[in-house]
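Report on one structure; see the data block that follows.
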There are 2 protein chains.
Amino acid sequence: MKLSLNDYISIFIHQTDLSLTSYVKSQLAPFNLAPEQNLIMMLLWEKDGRNQNEISEILLKDKTNIARMVVNLEKKGFIKRVSSEKDRRSLQLFLTPKGKELGSSIIPITNDFNKLVCKGLTEKELNEVRRILSKMCENVQ
Amino acid sequence: MKLSLNDYISIFIHQTDLSLTSYVKSQLAPFNLAPEQNLIMMLLWEKDGRNQNEISEILLKDKTNIARMVVNLEKKGFIKRVSSEKDRRSLQLFLTPKGKELGSSIIPITNDFNKLVCKGLTEKELNEVRRILSKMCENVQ
DNA sequence: AAAAAATAGTTGCTATAACAACTTTAATTA
DNA sequence: TAATTAAAGTTGTTATAGCAACTATTTTTT
């Protein structure tokens, strides 16, 4: 039996991800910040001085991507990369004043975004969707 | 109140998408076919002779992406692009013998993949997750 | 029929994502 | 201690994703 595209749950999830990402991208664009760059900034607003490797482990992303994203964040003037004294291989990431200031604008936006996404959904439904998506991830581990 | 990264449902959905896509990518790699290229092939296995614009409308993707993907599919020898006689602006996509043959290998793999993703989940849960994700998409329209 | 608007596709740009191969430095082992 | 192994980051390549601006056609207006 041949399935049509919409029968594939992974395609449905992918489309959902694209919709949500596209929206958050438009919200962040005025601040010259891309969605994944924002995730790195969020980790630094929480605690700065982390190195690239820590970032890549937390975000479950390849270190090459993180390296390129932090280069861009540095070009934009939001962070500075400083060679660690303890381990000369590693680069610590520090917020610039501009980067610190950005947080006060962005954090409310991301919170509002999350509220909007969850609008009309109950806690129970949100837990349910997390549980089911987790199960799907486990299935392909 | 500051949320931690995992509290953002969109980030959770994004990670799920990456996990699933990564798995299907590894399954398709031996056939020299990438996941999104496969979606185009699936549409052509269903009915070939479609033009690029039809593909981009069905897949809800930018026409530039489709153009580049079909160029790659043509380079790989799976399809041929033929200028339409009715409308000289448009390119119709036709399967090559190699492209037709590929379908018999790939379609079972994608069906198995969908079964694996859904393993241990009930019809009710799958409908529920689709309903909730649809609601989230609506929220950001 | 001529002018304007719409459509199909392309090129250039930026961003995300992961893999392989590489350099430099640190930690481990022999 | 010297040799090996591991770790942190970088560079190159391929694929996906969307925006702006462009060419070449076709359709619609005037």
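Throughout, a chain's letter reflects where its sequence line sits, starting with A, and its residues are numbered from 1. Computed from a predicted model, the values in this text were never measured in an experiment.
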Review point. Any donor-acceptor pair under 3.5 Å joining the side chain of B/Arg88 to the base of C/dG9?
Key: no
Check your understanding: Under the 3.5 Å rule, do the base of C/dT24 and the side chain of A/Arg89 count as making a donor-acceptor pair?
Key -> no
Check your understanding: Looking at A/Phe94, is A/Arg81 sitting on its ring face, NZ or CZ under 6.0 Å from the six-membered ring centre and within 45 degrees of the normal?
Key -> no
Check your understanding: Do A/Lys80 and A/Gln92 have side-chain atoms, one donor and one acceptor, less than 3.5 Å apart?
Key -> no
Check your understanding: So what does A/Ser90 hit on the nucleic acid, given a heavy-atom distance under 4.0 Å: a base, only sugar-phosphate, or nothing?
Key -> sugar-phosphate
Practice item. For D/dA8, take OP1 and OP2 only and decide whether either is under 4.0 Å from a side-chain N or O of A/Asn51. Key: no
Practice item. Would you mind reading off the distance between B/Gln15 atom CD and C/dA18 atom C1', rounded to a whole angstrom? Key: 14 Å
Exercise for review: Identify whether any heavy atom of B/Asp87 sits under 4.0 Å from a base atom; if not, whether one sits that close to sugar-phosphate; answer base, sugar-phosphate or nothing.
Suggested key: sugar-phosphate
Check your understanding: A/Leu91 side chain: which of D/dG9, C/dA18, C/dG9 is closest?
Key -> D/dG9
Study note, to complete from the structure: Here the distance between atom C1' of D/dT10 and atom CE of A/Met69, to the nearest Å, is 15 Å
Exercise for review: Report yes if at least one side-chain N or O of A/Asn65 is closer than 4.0 Å to OP1 or OP2 of C/dA18; otherwise report no.
Suggested key: yes
Revision key, fill the gap. Of B/Lys63 and A/Gln37, the one whose closest nucleotide on DNA chain C sits nearer the 5' end is B/Lys63
Practice item. Indicate if B/Phe12 and A/Leu18 have the same hydrophobic cluster label, given that clusters are the connected sets of ILVMFWY residues with side-chain heavy-atom separations under 4.5 angstrom. Key: no
**Study point:** Selection from D/dT10, C/dC13, D/dA17 that lies nearest to any side-chain heavy atom of B/Glu36
**Key:** D/dA17
Check your understanding: When all nucleic acid strands are considered with a 4.0 Å heavy-atom cut-off, which category describes A/Lys75: base, sugar-phosphate, or nothing?
Key -> nothing
Practice item. Give a yes/no on whether any side-chain N or O of B/Arg50 is located under 4.0 angstrom from OP1 or OP2 of C/dA8. Key: no
Review point. Of the nucleotides D/dG9, C/dA15, C/dA8, which has the atom closest to the A/Asn72 side chain?
Key: C/dA15
Point to revise | Stepwise salt bridge (charged side-chain N to carboxylate O under 4.0 Å, His left out) check, A/Lys98 with A/Glu101 | key: CA-CA 5 Å; A/Lys98 187 179 170 189; A/Glu101 199 190 296; over 6 Å; no
Check your understanding: Nearest-Å distance, CG (B/Leu60) to P (D/dG18)?
Key -> 9 Å
Check your understanding: Does A/Gln52 place a side-chain N or O at less than 4.0 Å from the phosphate oxygens OP1/OP2 of D/dT10?
Key -> yes
Check your understanding: How long is the line joining CD of B/Glu85 and P of D/dT25, in whole Å?
Key -> 15 Å
**Study point:** Protein-nucleotide distance (A/Gln92, atom CD; D/dA7, atom C1'), rounded to Å
**Key:** 16 Å
Point to revise | Worked check of salt bridge (charged side-chain N to carboxylate O under 4.0 Å, His left out) between A/Lys135 and B/Glu125 | key: CA-CA 11 Å; A/Lys135 173 70 177 156; B/Glu125 286 171 321; over 6 Å; no
Check your understanding: Can you find a pair of side-chain heavy atoms, one from B/Leu59 and one from A/Leu5, that are under 4.5 Å apart?
Key -> yes
Practice item. Go through residues 17-35 of chain B and report each residue with a non-hydrogen atom lying under 4.0 Å from DNA chain C, sorted by number. Key: B/Leu18
Review point. Would you find a donor on one side and an acceptor on the other, under 3.5 Å apart, between the side chain of A/Lys25 and the backbone of A/Ala34?
Key: no
Study note, to complete from the structure: When rounded to the nearest 0.5 Å, the distance separating CD of B/Gln27 from CZ of B/Phe113 is 8.5 Å
Review point. Judged by atom type as modelled, is there a donor-acceptor pair below 3.5 Å linking the side chain of B/Arg50 to the main-chain atoms of B/Lys47?
Key: yes
Practice item. Under 4.0 Å between any heavy atoms, over every strand shown, what does A/Asp62 touch: base, sugar-phosphate, or nothing? Just pick one. Key: base
Review point. Separation of A/Ile66 atom CD1 from C/dA15 atom C1', in whole Å?
Key: 13 Å
**Study point:** Under-4.0 Å side-chain N/O to phosphate OP1/OP2 contact, A/Lys61 with C/dA15
**Key:** no
**Study point:** Separation of C/dT14 P from A/Leu73 CG (nearest whole Å)
**Key:** 16 Å
Check your understanding: For the side chain of B/Arg68, counting heavy atoms from C-beta on, which of C/dA8, C/dA18, C/dC13 is nearest?
Key -> C/dC13
Check your understanding: How many Å lie between NE2 on A/His14 and C1' on D/dA17, as a whole number?
Key -> 8 Å
